[in-house]
Protein chains: 2
Amino acid sequence: MGIARPQKSGKDFGARRWQGGGVGADIRALRKSRAITLGELADKLGRSVGFVSQIERGISHPSIDDLRTIAKLFGVPLSFLFGEHQRDPLGSRFVVRAGARRQLGSTEGGLIEELLSPDLSGSFEIIRSEFLPGSALAQPVRRNTEEAGYVVSGKLEIEIGGEWHVLDKGDSFRFFGEPYRWRNRGKVPAVLIWVIAPPTY
Amino acid sequence: MGIARPQKSGKDFGARRWQGGGVGADIRALRKSRAITLGELADKLGRSVGFVSQIERGISHPSIDDLRTIAKLFGVPLSFLFGEHQRDPLGSRFVVRAGARRQLGSTEGGLIEELLSPDLSGSFEIIRSEFLPGSALAQPVRRNTEEAGYVVSGKLEIEIGGEWHVLDKGDSFRFFGEPYRWRNRGKVPAVLIWVIAPPTY
DNA sequence: ATCGTGAAAAAATCGTTGAATATTTCACCA
DNA sequence: TGGTGAAATATTCAACGATTTTTTCACGAT
C-alpha cells in the first residue's frame, strides 16, 4: 500500500481536475452529494440522460431555465451556479480570497454560509458560517455525517445530542451524526468554520 | 439507502464511542492512521500482539516506557497520550475548550499544532496551527491527502503545487496531494484552521 | 449550423464468496 | 498482576458476475 489510506478508488485525485471553470463540475458535485443519478436529474429537468451527462462534462450547455431548475432543486442560490468561479483572473485553483467566496444556502434564517474551498469536490466540505445575532435553528436536525467546527469570533450556543454548550471564540466541537441545533443570543454575529464529511451542500 | 452516503461500513458511527478516556483509543487511532498492524506495533514495543490489543481496548495498561516508545514512534508529545483528555470534569465528549486543546507535533520549527476535535477518531483531522513569525517549512512536502485551510489571523505565504500565495485573514485554500510549503515573514503569528483527510496525525 | 435525443458501448457499482490477515479472547505462566 | 501464545473470531481484500450508471455518437429536429 502507498502512503496512508487511499481515498476511494485511488484515481479520484486526478479525476478531480476539471476543465476550465464549468458549471458542469458543480452540478455533478451537487448531484453526487445527494446520491441521485443522471437519469433522475434528467427526469426533473425534462432532458435526456445523455444531454445531462454532456452538461456535467462541459460539452453541452444548459439553458438558463435548466440552471434555475437545478439551483432550486439543490437549494443553492442561482448565483452559485454562475460565474463566482474563476472571476479572479489571477485566481488560483487552490485559494479562495476572503471577498470572493461563493454563498451556499439562502440568507434567511440569519445564517450565512460561504464555501471556503474553490469548488464542491472533495471528501469533505469546509464552510464559513456566520450566525447573526438573534438567529436560531428551532428544531434539531440530524445528518448522517461527521461534523466539526471552530469558533472564529462571537459566541454561539449549540445543542449536540441533547447537551447545550456555550461556545466562545477558540472553542471547537466534533460529533458524529448527533442531532443538533444552535442559537446566537449575543449582540454580535458568531463566525464558525464548519467542516462536514461527507459533503451535503 | 438511508440519508446521504454511508461513511464506510455504516456501523463506524457507534464504534467510535469509547469507554472512558483511555489512551487506548488514541493509540489505536494513531496506529490506524499510519496503517500499521497490531503485530508491527507489538514488535516495536517488544510486546505480544494480544497484549497490545488489550491496551488499545483499555483492558490492559501500558507501562510508562511503552507510552514513551509509542509517543516517539508516532511523533506526538508524550503529553498527548496523557491526561489532557477528560481533564475537564464538565467536559463533554463533543466540545474542546480553547484552553484545553491537545498539542500535536513538537513545537520546534515555529509551528504549534493543536487538535480541535476531542479525539483522533473520524474521517478527517481538524487542527489549529499557529505559524510563528519568521518560521518556515524549507522543503515542500507532499502527502496523499486532501487538505484545506482558513486563515483566522495573521498572514501566511504558502506554496501549493509550485504557486506561491500570500494568504490574509479570511483567505482559504484547498488542494489534493500537491506538494506544499509555507513561511511566515510577518511580525505576528499566523493562525490557521487546517483540515486533513484522511487523517495523518 | 446548433441543440438535443436515444440507444449501443463502456465504465463504475454492488453483492457474493473464499482465502489471507488482523484482532480478540482466554487459559495459563512468571 | 502483568503478560504470553494460540485458538477462535472478525476484518480485509481480490475476483467475479450482474446491475446500474455514464459516456459516446449517429442522427433527427429547429
Side-chain angles (χ1 to χ4, degrees), chain A residues 1-19 22-70 121 123 198, chain B residues 1-2 4-16 18-19 22-70 121 123 198:
Chain A
M1 198 187 290
I3 308 171
R5 287 167 254 162
Q7 275 284 77
K8 210 167 194 179
S9 78
K11 84 169 186 216
D12 251 2
F13 270 18
R16 300 263 181 231
R17 247 179 258 145
W18 281 90
Q19 35 78 31
V23 277
D26 287 327
I27 296 174
R28 170 152 298 181
L30 285 165
R31 178 173 64 78
K32 291 285 187 189
S33 81
R34 310 296 166 80
I36 71 177
T37 99
L38 269 180
E40 294 174 270
L41 179 54
D43 274 359
K44 311 248 189 192
L45 252 44
R47 292 270 127 98
S48 73
V49 173
F51 184 48
V52 178
S53 164
Q54 289 170 168
I55 287 176
E56 292 192 347
R57 287 172 301 131
I59 295 169
S60 290
H61 308 286
S63 71
I64 310 296
D65 261 7
D66 288 339
L67 284 182
R68 226 191 297 277
T69 308
I70 291 171
S121 67
S123 66
Chain B
M1 198 186 291
R5 289 166 253 164
Q7 274 285 76
K8 208 167 195 178
S9 78
K11 83 173 190 211
D12 251 3
F13 270 16
R16 300 266 180 226
W18 282 91
Q19 35 79 31
V23 278
D26 287 328
I27 296 175
R28 170 153 298 183
L30 284 165
R31 178 172 66 76
K32 291 285 188 189
S33 81
R34 310 297 165 81
I36 71 178
T37 91
L38 269 181
E40 293 174 270
L41 179 53
D43 273 0
K44 311 249 190 193
L45 253 42
R47 293 269 127 99
S48 72
V49 173
F51 184 48
V52 178
S53 163
Q54 289 170 169
I55 287 176
E56 292 192 347
R57 285 172 303 130
I59 295 169
S60 289
H61 305 287
S63 72
I64 309 297
D65 261 6
D66 288 339
L67 283 182
R68 228 190 297 278
T69 307
I70 292 170
S121 67
S123 65

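Source: prediction; values computed, not measured. Sequence lines set the chain letters: A, B, ... in the order given, protein chains first and strands last, and positions in each chain run from 1.
Look at CG on A/Asp65: it is 16 Å from C1' on C/dG4, rounded to the nearest Å. Rounded to an integer number of Å, the gap from A/Ile59 CD1 to D/dC25 C1' is 11 Å. Spacing between atom CG of B/Leu38 and atom C1' of C/dT23 amounts to 6 Å, rounded to whole angstrom units. Residue A/His61 contributes atom NE2, which lies 11 Å from atom C1' of C/dC3 at whole-angstrom precision. B/Asp43 places its CG atom 17 Å from the P atom of D/dG3, with the value rounded to the nearest Å. Taking atom CD1 of A/Ile36 as the reference point, atom P of D/dT22 lies 10 Å away to the nearest angstrom. Taking atom CD1 of residue B/Ile64 and atom C1' of nucleotide D/dG2, one finds them 14 Å apart after rounding to whole Å. Between the CD1 atom of B/Ile55 and the C1' atom of D/dG3 there is a distance of 10 Å, rounded to whole Å.
Remark: of the listed residues B/Ile27, B/Thr37, B/Leu41, B/Asp43, B/Leu41 is the sole one forming a side chain to side chain contact (heavy atoms under 4.5 Å, CB included) with B/Val52.
Applying the 3.5 Å distance criterion, the base of C/dC3 shares no donor-acceptor pair with the side chain of A/Gln54.
Ranking C/dT24, D/dT23, C/dG4 by closeness to the B/Arg57 side chain, first place goes to C/dT24.
A side-chain donor-acceptor contact under 3.5 Å links B/Asp66 to the backbone of B/Ser63. Within the 3.5 Å criterion, the main-chain N or O of A/Ser53 finds no donor-acceptor partner in the side chain of A/Glu56.
Using a 4.0 Å cut-off, no side-chain N or O of B/Arg28 falls inside it from OP1 or OP2 of C/dA22. Within the structure, a side-chain polar atom (N or O) of B/Lys32 is placed less than 4.0 Å from OP1 or OP2 of C/dT23. Dashed line: the shortest gap from a side-chain N or O of A/Arg47 to OP1 or OP2 of C/dG6 is not under 4.0 Å.
With a 4.5 Å cut-off on side-chain heavy atoms, A/Val23 and A/Ile55 do not count as touching. For the pair B/Leu38 and B/Arg31, the minimum side-chain heavy-atom distance is below 4.5 Å.
Note on A/Ser53: a base of the nucleic acid sits closer than 4.0 angstrom, heavy atoms only.
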